[in-house]
Amino acid sequence: MHNKNIQNWLPPYSQSMGLELVSVSVEEVVAKLVVREDMGNRNGVMHGGAIMGAADSIGGVAAAVNLDKGASTTTLESKTNFIRSVRIGDEITLTCIPLHRGRKTMIWQTTITRPDGRTAAIVTQTQLTLDWND
């Protein structure tokens, strides 16, 4: 889905973070984010919670793109490996791929990459498929 309405996949919270979707497909979601000062911690780098929030947003988009019509999704579990820090002002790239796509759960892995091409974090999350008619 490479069109101008691609940003509609992002909920308001994700948009307020400044996330920008680059590409969306059932196999991969890619987004960019410029790390603002209000996303920093006391050490002057991107706060872990901001990293996790951005990754959760992208994983949610990836799951939503793979849902049947009328279904919804929510994060059931999330695990983050912090590998390297990200400086304030850097533009990170988030790339989310499926590890498992089942009937009731999906597992997504998001790799956060710094401008120098090095991995800053890897987030693995489980998304639960919700059917409001169950």
Side-chain angles (χ1 to χ4, degrees):
M1 292 173 216
H2 299 277
N3 61 49
K4 58 185 169 190
N5 294 325
I6 196 171
Q7 300 308 318
N8 292 338
W9 284 102
L10 290 173
Y13 171 75
S14 307
Q15 292 176 23
S16 73
M17 289 185 76
L19 274 170
E20 181 181 334
L21 291 172
V22 174
S23 63
V24 175
S25 75
V26 295
E27 295 297 327
E28 180 183 75
V29 174
V30 178
K32 298 222 179 254
L33 174 68
V34 175
V35 180
R36 301 183 315 239
E37 195 167 325
D38 65 340
M39 296 174 181
N41 64 19
R42 69 177 57 90
N43 300 314
V45 297
M46 189 174 187
H47 189 283
I51 290 172
M52 294 170 69
D56 185 64
S57 296
I58 300 310
V61 170
V65 170
N66 280 271
L67 291 173
D68 291 334
K69 186 174 176 136
S72 187
T73 187
T74 190
T75 304
L76 187 62
E77 179 271 338
S78 184
K79 176 194 180 302
T80 304
N81 288 100
F82 299 103
I83 300 166
R84 293 178 184 88
S85 59
V86 178
R87 292 182 177 125
I88 304 302
D90 281 355
E91 181 179 66
I92 58 173
T93 301
L94 301 95
T95 304
C96 184
I97 59 169
L99 299 180
H100 165 76
R101 286 180 284 195
R103 192 173 55 81
K104 284 294 191 183
T105 61
M106 293 183 232
I107 301 173
W108 295 93
Q109 180 175 285
T110 302
T111 301
I112 295 93
T113 308
R114 303 184 323 182
D116 64 4
R118 298 180 85 185
T119 300
I122 297 174
V123 179
T124 306
Q125 68 187 92
T126 304
Q127 291 288 126
L128 176 66
T129 300
L130 302 172
D131 183 350
W132 298 107
N133 296 318
D134 284 348

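Worth saying up front: this structure is predicted, and the values here are computed from it rather than measured.
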Open item on the list: Would you say L128 ends up clustered with L99 if hydrophobic residues are merged whenever their side chains have heavy atoms under 4.5 Å apart, either directly or through other cluster members?
Closed with: no

Task: Heavy-atom side-chain contact between I122 and I83 under 4.5 Å - done: yes

Open item on the list: Hydrophobic clusters here meaning ILVMFWY residues chained together by side-chain heavy-atom distances under 4.5 Å, can you tell me if I107 and V29 are in one?
Closed with: no

Task: Shortest non-hydrogen contact from R118 toward D116 - done: N-OD1, 2.9 Å

- [ ] Taking Q15 for its side chain and L10 for its backbone only, find out whether a donor-acceptor pair lies under 3.5 Å.
- [x] yes

Open item on the list: Is there a path of hydrophobic side-chain contacts, each under 4.5 Å between heavy atoms of I/L/V/M/F/W/Y residues, joining L19 to I88?
Closed with: yes

Task: Any side-chain heavy-atom pair of K79 and N81 under 4.5 Å - done: yes

Task: Heavy-atom pair of closest approach, residues G18 and R36 - done: N-NH1, 4.0 Å

Open item on the list: Rounded to the nearest 0.5 Å, what separates atom OG in S23 from atom CD in E28?
Closed with: 5.5 Å

TODO: For residues P98 and E27, determine if any side-chain heavy atom of one lies less than 4.5 Å from a side-chain heavy atom of the other.
DONE: yes

If you look only at distance, which donor and acceptor atoms sit under 3.5 Å apart when one is on a side chain in residues 57-69 and the other is two or more places apart or in another chain?
unit_1 : atom_1 : unit_2 : atom_2 : d
S57    : OG     : S14    : OG     : 2.7
S57    : OG     : G53    : O      : 3.0
N66    : OD1    : R101   : NH1    : 3.1
N66    : ND2    : V26    : O      : 3.3
N66    : ND2    : A62    : O      : 2.8

Open item on the list: If you define the side chain from C-beta out and look only at heavy atoms, does anything of L21 sit under 4.5 Å from V30?
Closed with: no

TODO: Measure across I51 and A121 and return the closest heavy-atom pair with its distance rounded to 0.1 Å.
DONE: CG2-CB, 4.0 Å

Open item on the list: Check for me, please, whether V123 and L33 land in the same ILVMFWY cluster - side-chain distances under 4.5 Å, paths through other members count.
Closed with: yes

TODO: Could you tell me whether the side chains of T93 and K32 share a donor-acceptor contact shorter than 3.5 Å?
DONE: yes

Task: Between CG on residue D90 and OG1 on residue T113, distance to nearest 0.5 Å - done: 12.0 Å

- [ ] Check whether any side-chain heavy atom of M39 sits under 4.5 Å from a side-chain heavy atom of M17, and report yes or no.
- [x] yes

Task: Pair Q127, T105: side-chain N/O donor-acceptor within cut-off below 3.5 Å - done: no

Open item on the list: According to a hydrophobic-cluster definition based on side-chain heavy atoms being under 4.5 Å apart (Ile, Leu, Val, Met, Phe, Trp, Tyr only), do L94 and F82 belong together?
Closed with: yes

Task: R114/R84 under side-chain contact (heavy atoms from CB on, under 4.5 Å): CA gap, chis, key distance, verdict - done: CA-CA 9 Å; R114 303 184 323 182; R84 293 178 184 88; 3.6 Å; yes

Task: Backbone N/O of N43 and side chain of N41: donor-acceptor pair under 3.5 Å - done: yes

- [ ] Please confirm whether the backbone N or O of V35 pairs with a side-chain atom of R87, one donor and one acceptor, at under 3.5 Å?
- [x] no

Open item on the list: Could you check whether any side-chain heavy atom of I92 comes within less than 4.5 Å of a side-chain heavy atom of M46, counting everything from C-beta outward?
Closed with: yes

